[in-house]
Participant: 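Right, I'll just put the structure down here and ask away after.
Order of appearance sets the numbers: ligands from 1, and atoms from 1 within every ligand.
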Amino acid sequence: MKKILPYSRQWIRPKDIRIVVKALKDDFITTGWHIDYFEKALAEYVGVKYAVVVSSASAGLHIANLALGLKKGDEGITSPNTFLATVNSLTCTGAKPRFADIEHDTHNLDAAAVAKKITKRTKVLIPVHYAGHPCEMKAMRAVAKKQKAYIIEDAAHAIGSSYLGKRIGACEYSDMCVFSFHAVKNMTAGEGGAITTNNEEWYHTLKELRSHGLTRDPERMDKHEGRWWYEQHRLGFNYRITDYQAMLLWSQLKDLDSFIARKREIVELYNHAFTDVPELVTPVEKDYAKSAYHLYAAAVDFNALGINREEFMKRLAGRGVGSQVLYIPVHTQPFYRDLLKYKPDDFPNAQKHYRTNIALPLFAKMTNGDVRRVIHAVKTVIRGR
Ligand SMILES: *Cc1c(COP(=O)(O)O)cnc(C)c1O
């Protein structure tokens with residue numbers, strides 16, 4: 001029996017492994033020079049002044065919110081169409097998460113919907129570049145500005161994406177940007193994340209928050225009693241990653257553009273093949289956007305099709321094709337439903353997206369044979385119902 005193609009999968013090549021092995025033989029396997037080395041490469045790649053690598057995007061979002069001073073009494077607005085971590089990062093600080101609806105076509109947080117929800121209590125907006133498609137950041141910035149709210153981009157899907165010709169992470173229309181290097185994302189170290197910013201003060205704060213609130217920077221200490229000296233001026237965490245993970249990321253970053261080019265090729269093949277399948281709506285790419293396509297997020301009206309999604313996914317799996325649903329709207333999760341008292345229909349576009357979404361396999365390592373298998377399976381299941 002053939003292995004099932006997953007909706008996403010890492011690609012670790014022999015050259016990645018060689019670099020990791022080399023890093024493991026170094027004297028420092030954590031808090032060593034490889035961390036700075038990768039941070040510089042990442043900052044250069046996205047076109048930003050500073051990058052801070054952390055143990056995950058969840059950790060990154062948490063300390064990004066803290067660096068902006070979020071606390072109890074504050075609110076943050078984000079998308080219901082995201083992974084739990086985006087929303088939890090607000091809740092962790094004591095701030096209250098709020099939601100606004102998404103655009104019906106990109107499935108990204110809708111700036112016009114945010115404009116209706118934003119108040120003076122809103123300290124931060126967290127737009128999520130869903131599936132790798134950048135949010136309308138100019139519009140988002142204009143809305144944020146009116147209430148003096150900050151913007152943190154959740155770019156867990158979007159390393160390698162561009163908005164108006166500039167890479168996501170450049171922070172042209174935001175204050176900070178957070179990437180994920182989890183195994184299903186565009187590039188990976190198994191786990192890992194990074195925050196980028198052009199603000200020097202936040203950069204230093206993020207580095208302290210990553211490591212227990214500790215600093216050894218003479219300019220940020222009250223005194224300096226000797227070479228052993230360090231000081232704590234705030235509460236921090238251990239959100240570090242290891243040096244060998246940093247080198248795996250460095251190695252993956254070098255080939256990120258070729259991973260994305262291959263993914264975009266596969267997207268073209270899918271889009272073309274599905275032009276004669278009106279039951280399946282293919283993803284859009286706006287003029288302002290170049291997507292890194294973390295996901296191939298298609299939409300199917302399963303009611304009209306007459307097969308429920310569970311059955312649809314089961315039939316695909318029977319043909320060796322995995323699929324996934326992203327995301328269950330966070331405001332409908334029992335924890336947030338009870339905490340925030342939202343109703344499922346409060347965000348109709350997010351709800352409709354959830355009902356119709358189906359992510360098909362998309363990762364750089366896929367062969368053309370894999371792609372044909374997916375196309376054939378989707379067409380057979382839709383037509384053979
Ligand atoms: C994966 C993901 C995260 C969390 O990333 P981790 O690195 O696993 O903590 C946050 N937001 C979104 C949108 C994600 O997809």
Participant: Before accepting this row, confirm whether a basic side-chain N of the pair Lys223/Glu225 lies closer than 4.0 Å to the acidic partner's carboxylate O.
Facilitator: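 Salt bridge: yes.
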Participant: Name the residue from His107, His331, His104 that meets the ring pair (Phe, Tyr, Trp, His ring centres under 6.0 Å) definition with Phe347.
Facilitator: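 Only one option passes, and that is His331.
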Participant: Could you tabulate the donor-acceptor pairs under 3.5 Å formed by side-chain atoms of residues 169-178, not counting sequence neighbours?
Facilitator:
{"residue": "Glu172", "atom": "OE1", "partner": "Lys166", "partner atom": "NZ", "Å": "2.8"}
{"residue": "Ser174", "atom": "OG", "partner": "Glu153", "partner atom": "OE2", "Å": "2.5"}
{"residue": "Asp175", "atom": "OD2", "partner": "Arg141", "partner atom": "NH1", "Å": "3.2"}
{"residue": "Asp175", "atom": "OD2", "partner": "Ile151", "partner atom": "N", "Å": "2.8"}

Participant: Got a sec, which residues hit side chain to side chain donor-acceptor pair (under 3.5 Å) with Tyr293, two or more places apart in sequence or on another chain?
Facilitator: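 Partners of Tyr293 under the side chain to side chain donor-acceptor pair (under 3.5 Å) test: none.
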Participant: Taking only distance into account, with no hydrogens and no angle test, what donor-acceptor pairs under 3.5 Å do side-chain atoms of residues 71-78 form with protein atoms, sequence neighbours excluded?
Facilitator:
{"residue": "Asp74", "atom": "OD2", "partner": "Lys71", "partner atom": "N", "Å": "2.9"}
{"residue": "Glu75", "atom": "OE2", "partner": "Arg121", "partner atom": "NE", "Å": "3.3"}
{"residue": "Thr78", "atom": "OG1", "partner": "Ile126", "partner atom": "O", "Å": "2.7"}

Participant: Verify the distance criterion only: is there a donor paired with an acceptor across the side chains of His353 and Gln351 at less than 3.5 Å?
Facilitator: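 No donor-acceptor contact under 3.5 Å links the two side chains.
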Participant: Strictly under 4.0 angstrom, heavy-atom based: which residues surround ligand 1?
Facilitator: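 Contacting ligand 1 under 4.0 Å are Ser56, Ala57, Ser58, Thr82, Phe83, Ala85, Thr86, Val128, Asp154, Ala156, His157, Ser180, His182, Lys185, Gly192, Tyr327.
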